2 protein chains.
Amino acid sequence: MSKPAGTRERLLDAYEELLIEHGERGATLDAVAHRADVSKGGLLYHFGSKDALTQGLVERLQRLTDHDVETMRQAPGGPVDYLIRTSINTNSPLDGAITAVARLAQTSAPRVSEALAEMRQKWLDLILETVPDAATARAIVLISDGLYYNSALLGVGFDSGEVTQADLDDLVRVVRRLTD
Amino acid sequence: MSKPAGTRERLLDAYEELLIEHGERGATLDAVAHRADVSKGGLLYHFGSKDALTQGLVERLQRLTDHDVETMRQAPGGPVDYLIRTSINTNSPLDGAITAVARLAQTSAPRVSEALAEMRQKWLDLILETVPDAATARAIVLISDGLYYNSALLGVGFDSGEVTQADLDDLVRVVRRLTD
DNA sequence: GTCTATAGATGGATAGAC
DNA sequence: GTCTATCCATCTATAGAC
């Protein structure tokens with residue numbers, strides 16, 4: 001919390017960016033160290049193995065998720081509105097962490113998939129406070145999932161272009177038909 | 001179409017399975033050849049490079065998608081119902097191809113992401129024939145996306161268990177509120 | 001059409017100097 | 001806390017026998 005950036009955080013940033021830009025395969029220790037302007041030896045001083053680096057990223061995701069859920073709980077338009085509107089990749093720290101971790105969720109490490117599942121569950125729990133009908137709440141979170149995956153994982157919006165603010169307005173209106 | 005399985009198809013099956021089970025990193029040429037009971041040299045006779053192998057899988061996905069869209073068009077309960085109910089990973093050939101290709105969509109090759117986007121677009125086009133309101137149609141396809149990604153990519157259903165038939169029934173009811 | 005052998009590059013990780 | 005040097009495994013791809 002004291003130093004300007006901290007090598008540790010810079011390494012996590014680099015790992016995250018490389019995962020997003022080039023996928024799991026491109027996020028090698030060499031590449032991460034190079035992007036963070038550290039040697040491989042330097043990297044391995046902070047994170048003793050690639051697994052440890054991944055673990056560091058998962059913990060970052062959990063931290064950011066908890067913060068996001070608090071923001072969502074107090075959102076002016078309510079949690080549903082907030083969830084839908086923030087399900088587009090806006091290059092926020094949380095978006096970056098989600099995208100990066102999602103790309104790791106496919107190798108094997110169950111711990112990683114679990115972290116994403118926990119994140120989803122926290123959102124669903126909060127939506128259920130506003131929308132008591134479970135099936136409706138699930139449908140809403142599924143729409144959020146769909147937006148997120150298309151945007152963050154495939155880099156694809158609605159038709160093939162970007163998702164505009166007007167698109168989101170339309171979508172929020174549709175969702176409101178479910179909750180009213 | 002003549003031979004019992006054909007080495008080519010067996011190689012694509014092996015590649016697909018390894019991608020699903022172990023992600024991009026585990027799907028090496030060695031592993032694919034071994035699972036298909038062929039030597040690496042044998043593999044590279046049929047597919048001259050790893051890119052060619054990936055291309056083969058993408059073409060399989062396109063073939064299966066076209067077939068699925070035809071089935072969906074003639075589905076008894078209508079396309080919307082069919083789309084939602086088949087958005088769960090049922091280990092069908094199409095599900096396998098989607099899951100495998102989705103795991104490749106993150107490395108870089110834009111061709112791969114495009115194939116997934118095209119698939120989505122074909123579904124959306126068909127839904128639009130039944131549900132003229134674009135925003136509603138999009139919301140429906142997003143729910144399908146959400147189901148699919150959670151199920152196929154994360155191996156996660158609703159809460160953390162499987163998605164049951166009753167869950168799907170509930171969800172179809174919610175979606176019908178949008179279309180009626 | 002399928003095999004073995006091998007080249008050449010790159011991966012994660014360790015050892016030890018500074 | 002950071003670096004260089006190095007080890008060993010594994011990756012894609014090629015060459016050439018059968």
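Below, read A as the first sequence line, B as the second, and so on, with proteins coming before strands; counting in each chain starts at 1. Because the structure is a prediction, the values reported are computed rather than measured. All values below come from the heavy atoms of this structure, side chains included, with hydrogens, waters and symmetry mates left out.
The side chain of B/Arg25 contributes an N or O atom lying less than 4.0 Å from OP1 or OP2 of C/dG12.
Nearer the 5' end of DNA chain C, as judged by each residue's closest nucleotide, is the contact made by B/Gly42, out of A/Lys40 and B/Gly42. Looking at which nucleotide of DNA chain C each of A/Thr28 and A/Gly41 is closest to, the 5′-most match is held by A/Thr28.
The NE2 atom of A/His22 sits 12 Å away from the P atom of C/dG11 (whole-angstrom rounding). The CZ atom of A/Phe47 sits 19 Å away from the C1' atom of C/dT14 (whole-angstrom rounding). If you measure from atom NE2 of B/His34 to atom P of C/dT2, you get 16 Å, rounded to the nearest angstrom. Rounded to whole Å, the distance from CG on B/Asp30 to C1' on D/dT12 is 9 Å.
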(request) Kindly indicate, with the supporting measurements, whether the criterion side-chain contact (heavy atoms from CB on, under 4.5 Å) is fulfilled by A/Asp145 and B/Tyr149. (result) CA-CA 8 Å; A/Asp145 291 340; B/Tyr149 284 119; over 6 Å; no
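Relative to the side chain of A/Ser39, the nucleotides D/dC3, C/dG12, D/dG1 differ in distance, and D/dC3 lies closest. Distances from the side chain of B/Leu44 to the nucleotides D/dA13, D/dT12, C/dG11 place D/dA13 closest. For B/Tyr45, the listed nucleotide lying nearest its side chain is C/dG1; candidates were D/dT2, C/dG12, C/dG1. Closest approach to the B/His46 side chain among D/dT14, C/dT2, C/dA13 is made by C/dT2 (side chain taken as heavy atoms from C-beta onward). Relative to the side chain of B/Leu29, the nucleotides C/dC3, D/dA13, C/dT14 differ in distance, and D/dA13 lies closest.
From B/Asn150, atom CG reaches atom CG of A/Leu142 across 6.5 Å, with rounding to the nearest 0.5 Å.
Counting only residues at least two apart or on different chains, the side-chain hydrogen bond (donor to acceptor under 3.5 Å, both in side chains) pairs with a member in residues 37-51 of chain A are A/Asp30-A/Lys40.
Chaining together hydrophobic side chains whose heavy atoms lie under 4.5 Å apart places B/Val174 alongside A/Val174, A/Leu178, B/Leu178.
Taking every heavy atom of residues 48-56 of chain B and every atom of DNA chain D, pairs under 4.0 Å involve B/Ser49, B/Lys50, by number. Near DNA chain C, defined here as any heavy-atom distance below 4.0 Å, there are no residues from residues 11-20 of chain A.
Remark: B/Thr71 pairs with B/His67, B/Tyr82 by the side chain to side chain contact (heavy atoms under 4.5 Å, CB included) rule, at least two apart or across chains. Taking the salt bridge (charged side-chain N to carboxylate O under 4.0 Å, His left out) definition, one finds that A/Arg8 meets it with nothing, sequence neighbours left out.
Salt bridge B/Arg173/B/Asp180: absent, no basic N to carboxylate O contact under 4.0 Å. With respect to the salt-bridge test (charged N to carboxylate O, under 4.0 angstrom), the residues A/Glu70 and A/Arg73 qualify.
Formation of a donor-acceptor pair under 3.5 Å by the B/Asp170 side chain with backbone atoms of B/Asp167 is not found in this model.
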